[in-house]
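What follows is one structure encoded as structure tokens, with my remarks underneath.
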Amino acid sequence: MKLCMIGTGYVGLVSGTCFADIGHTVYCIDKDKNKIDKLNSGKYPIYEPGLNELIKDNHRAKRLFFTTSISEALSKSDIIFICVGTPNKKNSLSVDLSHVFKVVKEIAKFSRKKKIIVTKSTVPVGSGDLIEKILKNKKKFTVISNPEFLREGEAIRDFRYPNRIVIGSNLPNTFKVMKNLYLPLINKGAKFFTTNRNGAELIKYASNAFLATKITFINEIANLCEKTGINVEDISLGMGSDVRIGSRFLRAGPAYGGSCFPKDTKGLVSIADNAKIDLLLVKSVIKSNEKRKTLLLKRIDSILGKNIKNKKIVFLGVTFKPNTDDMRGSVSLFMVPNLHKRGAKISYYDPTGEKKEFNKLKNCNFFPNIKQACMNADLIILHTEWDEFKSLDYNKIVKNKKFILYDLRNLYSLDEMKRKKVKYFSIGRPSFNQLQK
Ligand code: NAD
């Protein structure tokens, strides 16, 4: 089949490349010329494990093309995927659909033949109806919802072996086309699930809000564990072994972040508000997650003392999770400027390199390796659990023998830290060190 992905970001680029890899011809479009030029000259705009090789192979095999010309790509494609961003509106919970609508207007302008339009972007319930209204000529276009569930860092595997493929359409005869499109994955066991268009749109928001709730729940339990000397990992294990609960997303850590959970929980509340439904639970989750960021700072005060001026604080990892370069919604975006404002000297190392988000902060420096970043640390904050941090011997790396390690991901074993005499704090686990008053 011939497809075009409008929006060559984390979702459009990964799913476009993977569609090409299962034999389709794919045109990836983006308005960002720089991004398209990079891709056409063999450079890669994002970090996602395994993606570069896959792009190279499929580009070379002439199944994958990159262009800024929407008219050219539309004329060559039968199915059009909308993969542009759907952030929250400024100072609002509601979803900004301006990128989606702009794309739809361009599709209406440049399409000559019958087309299937698929929203892969996460869009509020009823967006498909609004898109149809913009398209006016409903007969020429079929609008389908196919929400994307891939996780950054594991995106290729998630595309190839999805838990489910959700297709929402109000015209059941279109399910066959979408089934054919995904057939190589369905033949390997992927569940193909169909519903109406509004249903598919809601499945995506409900899934993300539920996962965010699970994380927030265990984070609150971790707070209780810290006060009562219980190990939250025992609670996660004890709870998660119950198949009704399940062990995934029950690992305590910093607040949830990323490009999806923060905006989608808010988006869901706004969708429900419009329908005059009060989603009390999701509202509490958002509130608890926000509060958690401040709680982490308070915890740093009790670890380091309130006067952090000139204290050397090091962040290991600043992205919202490992195996991605994505900074959107990362807790570091809250913590670093806060600590910096209070006079701390910040150093950071991230396997995906320096971050433009911190460029403007004067006493905040990127170091290209762990050793240089940590050498003079008073406090090391293990922010993101990259594999390369798992076996570090901090006693050998850090010159200041009084350094403290605050592990936001419970990456290290308490016994090991005790044995190595590291002053160590983690999340929801008993501490063998004294906190400052
Ligand atoms: P992104 O910001 O990485 O990519 C969006 C791309 O769209 C950008 O490259 C931008 O330049 C391009 N774009 C915007 N307007 C355009 C236009 N008019 N014409 C052509 N290109 C245009 O966003 P993303 O992370 O890929 O997310 C896209 C959608 O997928 C969002 O709705 C998001 O919620 C959803 N989603 C994201 C993930 C994820 O992990 N990132 C997972 C599932 C679903």
Side-chain angles (χ1 to χ4, degrees), residues 4-18 27-39 44-49 51 66-74 77 80-89 95-110 117-124 127-128 131 134 145-159 162-166 200-201 203-209 211-212 256-268 271 319-330:
C4 90
M5 319 300 291
I6 308 183
T8 306
Y10 287 85
V11 164
L13 182 57
V14 171
S15 49
T17 305
C18 291
Y27 299 90
C28 286
I29 303 168
D30 208 283
K31 64 175 184 180
D32 182 343
K33 187 174 177 303
N34 191 24
K35 195 178 260 189
I36 295 299
D37 286 349
K38 252 188 182 172
L39 284 160
Y44 307 102
I46 58 170
Y47 176 79
E48 178 63 43
L51 184 61
F66 303 105
T67 175
T68 51
S69 167
I70 190 162
S71 56
E72 182 204 337
L74 283 178
S77 316
I80 303 157
F81 283 88
I82 300 177
C83 308
V84 295
T86 49
N88 298 114
K89 286 183 184 159
V95 181
D96 176 0
L97 284 172
S98 58
H99 299 298
V100 172
F101 292 157
K102 192 160 179 239
V103 165
V104 174
K105 283 176 193 153
E106 290 180 39
I107 296 172
K109 189 170 159 195
F110 293 115
I117 299 172
V118 185
T119 47
K120 221 175 218 326
S121 295
T122 303
V123 292
S127 299
I131 291 172
I134 296 174
S145 164
N146 170 210
E148 182 53 63
F149 298 97
L150 58 78
R151 294 162 298 170
E152 286 172 23
E154 325 240 8
I156 292 171
R157 195 177 49 206
D158 283 351
F159 182 94
N163 292 149
R164 74 297 206 195
I165 296 159
V166 173
E201 289 167 349
I203 285 171
K204 174 66 193 178
Y205 279 97
S207 302
N208 273 359
L211 293 173
Y256 62 73
S259 65
C260 292
F261 289 175
K263 81 171 176 67
D264 292 347
T265 41
K266 290 176 188 158
L268 181 59
I271 295 165
T319 53
F320 80 99
K321 67 169 175 176
N323 298 321
T324 181
D325 56 354
D326 200 348
M327 285 294 286
R328 289 176 290 182
S330 177

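On a predicted model such as this, the values are computed, not experimentally measured, just so you know. Throughout, numbering of the chain's residues begins at 1 and tracks the sequence. Each ligand, and each atom within it, is numbered from 1 in the order the structure gives.
The closest protein non-hydrogen atom to atom 11 (O) of ligand 1 is D30 OD1, 2.6 Å. Considering only non-hydrogen protein atoms, atom 36 (N) of ligand 1 sits nearest to V11 CG2, 3.5 Å. Protein heavy atom nearest atom 4 (O) of ligand 1, with residue, atom name and distance: G9 CA, 3.2 Å. Of the protein's non-hydrogen atoms, the one nearest atom 7 (O) of ligand 1 is G7 CA, 3.3 Å. For atom 35 (C) of ligand 1, the nearest non-hydrogen atom of the protein is T122 OG1, 3.5 Å. Protein heavy atom in closest approach to atom 43 (C) of ligand 1: E148 O, 3.2 Å. Atom 39 (C) of ligand 1 has as its closest protein heavy atom E152 OE2, 3.4 Å. In this structure, the protein non-hydrogen atom closest to atom 21 (N) of ligand 1 is K31 N, 3.2 Å.
Under the 4.0 Å criterion applied to side-chain N and carboxylate O atoms, R151 and D158 are assigned as salt-bridge partners. With respect to the salt-bridge test (charged N to carboxylate O, under 4.0 angstrom), the residues K109 and E106 do not qualify.
By the 3.5 Å distance cut-off applied to N or O atoms, Y10 is counted among the residues near ligand 1. Between K120 and ligand 1, not a single N/O pair is under 3.5 Å apart. Of the polar atoms of T86, at least one N or O is found under 3.5 Å from an N or O of ligand 1, judged by distance alone. For ligand 1, one of its N or O atoms has an N or O atom of S259 under 3.5 Å away. Residue-to-ligand polar distances keep D326 apart from ligand 1: every N/O pair is separated by 3.5 Å or more.
For atom 18 (N) of ligand 1, the nearest non-hydrogen atom from the set V14, T8, T68, V103 belongs to V103. Across the listed options V84, I36, L13, V84 owns the non-hydrogen atom lying nearest to atom 14 (C) of ligand 1.
Partner of F66 under the side-chain contact (heavy atoms from CB on, under 4.5 Å) criterion, out of D30, L13, I29: L13 alone.
Considering only residues two or more places apart in sequence or on other chains, F81 meets the ring-ring contact (aromatic ring centres under 6.0 Å, His included) condition with F19.
Between the side chains of D325 and Y10, at least one donor-acceptor pair of N or O atoms lies under 3.5 Å. At a cut-off of 3.5 Å, with distance as the only test, a side-chain donor of T86 or K263 sits close to an acceptor on the other residue.
For ligand 1, the atoms sitting less than 4.0 Å from at least one non-hydrogen atom of K204 are 43 (C), 44 (C), numbered in the order shown with element in parentheses. Counting atoms of ligand 1 from 1 in the listed order, those under 4.0 Å from a heavy atom of C83 are 5 (C), 28 (C). Within ligand 1, counting atoms from 1 as listed, the ones closer than 4.0 Å to a heavy atom of K263 are 33 (C), 34 (O). Near L150, with a cut-off below 4.0 Å to any heavy atom, the atoms of ligand 1 are 40 (O), 42 (C).
V118 has its side chain out of reach of S145: every pair of non-hydrogen atoms, C-beta onward, lies at least 4.5 Å apart. A heavy-atom distance below 4.5 Å is not found between the side chains of T68 and D32. Side-chain contact between I107 and I82 is present, with at least one heavy-atom pair separated by less than 4.5 Å. For the pair E72 and T67, the minimum side-chain heavy-atom distance is below 4.5 Å. The shortest side-chain heavy-atom distance between S127 and T119 does not fall under the 4.5 Å cut-off.
Because its NZ or CZ atom is not both nearer than 6.0 Å to the ring centre of F320 and within 45° of the ring axis, R328 does not count as a cation-pi partner of that residue.
Only side-chain heavy atoms of C260 come within less than 4.0 Å of ligand 1; its backbone N, CA, C and O stay farther off. Under 4.0 Å from ligand 1, heavy atoms of S121 appear from its side chain as well as its backbone. Contacts between K35 and ligand 1, counted as non-hydrogen atom pairs separated by less than 4.0 Å, involve the side chain only.
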- May I have the step-by-step check of side chain to side chain contact (heavy atoms under 4.5 Å, CB included) for S207 and R164, ending in yes or no? CA-CA 12 Å; S207 302; R164 74 297 206 195; 3.4 Å; yes
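At least one heavy atom of R328 sits closer than 4.0 Å to an atom of ligand 1.
Counting only distance, with no hydrogens or angles, the side chain of E48 and the backbone of E152 share no donor-acceptor pair below 3.5 Å.
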